[in-house]
Undergrad: 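Before I ask anything, here is the structure I am working with.
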Amino acid sequence: MDENFNFDTLAVRAGTLRSDFNEHSEAIFLTSSFVFKSAAHAAESFKNAEEAYTYSRFTNPTVAMFQNRLAALEGGEACMATASGMAAIMSVVMCSMQQGDHLVSSKSLFGSTVGMFSQIFTKFGITTTFVDPTNLDEWRAAVRPETKMFFLETPSNPLTEIADIEAIGKISKEVGALFVVDNCFCSPALQQPLKLGADVVMHSATKFLDGQGRVLGGALVGSKQFIMEKVFPFVRSAGPTLSAFNAWVLLKGMETLSLRVEKQSANALEIARWLETHPAIERVFYPGLESHPQYAIAKKQQKAGGAIVSFELKGETREEQRANAWRVIDATKICSITGNLGDTRTTITHPSTTTHGRLTPEVREAAGIREGLIRLAVGLENAGDIRADLERGLNG
Ligand SMILES: *Cc1c(COP(=O)(O)O)cnc(C)c1O
């Protein structure tokens with residue numbers, strides 16, 4: 001499809017394939033394998049496994065539609081879908097690194113990503129140095145001769161720190177590392193890291209791409225050479241493949257991606273501004289607020305602040321801070337108490353006892369995740385109703 005179409009057109013149209021039945025909506029190809037006209041046709045297809053359809057661990061038409069649409073939205077040449085976001089992280093490391101190689105990563109990461117870098121890949125001799133994502137000197141100082149990859153998540157979870165993608169991309173290029181950006185929190189509707197110097201964009205499609213909390217999925221987007229020569233051979237052999245059904249759900253989700261993310265960002269900004277004025281609140285973390293320490297960078301690289309707002313309740317002691325946070329959470333009637341995010345339904349989380357509960361109190365404090373902290377992933381409900389839902393516990 002013509003790359004010059006605008007984002008919203010690509011989100012609805014890019015990647016569509018039609019079968020001989022001329023269906024209008026994308027078809028779900030629930031088939032594990034494909035048949036051939038002859039032995040010669042089978043031989044030819046297996047030789048050309050990137051293009052021909054042979055077996056759904058390799059390629060599937062519904063999955064191909066998802067891949068082509070996401071590649072178009074991120075402005076990348078090619079995409080490989082995976083069964084989840086974590087499967088995408090596993091694949092990008094396993095396909096491009098080997099024993100003795102070194103990774104430099106932001107320390108503000110999704111919890112399971114930290115687990116992969118610090119406990120799983122180390123078993124295969126791949127080590128990671130964690131750095132403050134906002135401190136360029138730390139990125140530079142962590143580089144070793146064997147550094148092969150830079151890994152970044154921005155905005156970070158749950159404190160919404162913003163790292164400068166362009167500046168980190170320059171350092172990565174200087175040292176010849178592959179720069180991978182987890183673009184889960186913004187989605188391509190708000191931020192396109194490949195245009196800012198990233199080599200690979202990684203997604204948990206489970207979040208905003210689906211947007212309605214239904215399926216797991218993941219993806220890697222990058223150059224045709226990297227995706228087809230590195231990622232594809234790994235995924236087709238190891239098998240962390242996306243199912244055709246999930247790909248179809250994600251295709252439908254992407255059609256409304258920018259509508260949802262823009263409205264969720266507007267709701268989040270309204271709620272963040274209001275929270276900032278509330279006497280029970282110590283601090284609000286939201287990249288769309290002028291008070292955010294990296295507001296200028298957010299404005300430069302994101303179209304809006306995104307749907308995630310975190311805020312910290314006041315309290316004299318840790319116990320009191322936790323009690324205050326739990327009171328706000330328990331007093332809500334609309335917000336769903338759950339760890340997921342990116343849904344049309346607003347979700348509310350107490351990071352220090354759930355998503356970050358396995359960290360020691362010292363590590364948690366050092367990461368700035370205090371007992372009074374609440375993470376809100378704002379949905380599509382009426383912003384006034386969400387405010388009223390939070391106000392009940394804040395005033396209690
Ligand atoms: C959820 C998430 C992941 C992992 O994705 P799954 O689809 O749950 O495997 C990775 N990174 C970020 C930022 C996430 O929010």
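These values consider heavy atoms only, across backbone and side chains, with no hydrogens, waters or symmetry-generated copies. Both counts, for ligands and for their atoms, begin at 1 and track the order of listing.
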Undergrad: Any heavy atom of Gly217 closer to ligand 1 than 4.0 angstrom?
TA: yes
Undergrad: Without swapping roles, check the side chain of Ser310 against the backbone of Pro158 for a donor-acceptor pair under 3.5 Å.
TA: yes
Undergrad: Distance under 6.0 Å and angle within 45° of the ring axis: does Lys195 meet both against Phe7?
TA: no
Undergrad: Of all the atoms in ligand 1, which lie at a distance below 4.0 Å from a heavy atom belonging to Lys207?
TA: 1 (C), 2 (C), 3 (C), 14 (C), 15 (O)
Undergrad: side-chain contact (heavy atoms from CB on, under 4.5 Å) with Thr354: which of Thr338, Thr349, Ile337?
TA: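 Passing option: Thr349.
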Undergrad: What residue and atom, counting heavy atoms only, is the protein's closest point to atom 11 (N) of ligand 1, and at what distance?
TA: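 Among all protein heavy atoms, the one nearest atom 11 (N) of ligand 1 is Asp182 OD2, 2.7 Å.
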Undergrad: Is it the case that ligand 1 has an N or O less than 3.5 angstrom from some N or O of Glu153?
TA: no
Undergrad: Checking the N or O distance criterion of under 3.5 Å, is ligand 1 in contact with Gly85?
TA: yes
Undergrad: Among all protein non-hydrogen atoms, which one is nearest to atom 5 (O) of ligand 1, and what is the separation to 0.1 Å?
TA: Ser204 OG, 2.9 Å
Undergrad: If you measure every N or O of Phe110 against every N or O of ligand 1, does any of those distances drop under 3.5 Å?
TA: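 For ligand 1, there is no N or O atom that lies under 3.5 Å from one belonging to Phe110.
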Undergrad: Around atom 7 (O) of ligand 1, find the nearest protein heavy atom and jot down its residue, atom name and distance.
TA: Thr206 OG1, 2.6 Å
Undergrad: Only one of Leu178, Ile171, Asp199 forms a side-chain contact (heavy atoms from CB on, under 4.5 Å) with Phe150, so which one is it?
TA: Ile171
Undergrad: With no hydrogens and no angle check, just 3.5 Å: does a side-chain donor-acceptor pair link Arg69 and Thr16?
TA: yes
Undergrad: I'd like to know if Arg322 pairs up with Glu319 as an ion pair, taking the criterion as any Lys NZ or Arg NE/NH1/NH2 lying under 4.0 Å from an Asp or Glu carboxylate oxygen.
TA: no
Undergrad: Is a donor on one side and an acceptor on the other found under 3.5 Å between the side chain of Glu229 and the backbone of Lys224?
TA: no
Undergrad: Give me the nearest non-hydrogen protein atom to atom 9 (O) of ligand 1 as residue plus atom name, then the distance to 0.1 Å.
TA: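 In this structure, atom 9 (O) of ligand 1 has Met86 N, 2.9 Å as its nearest protein heavy atom.
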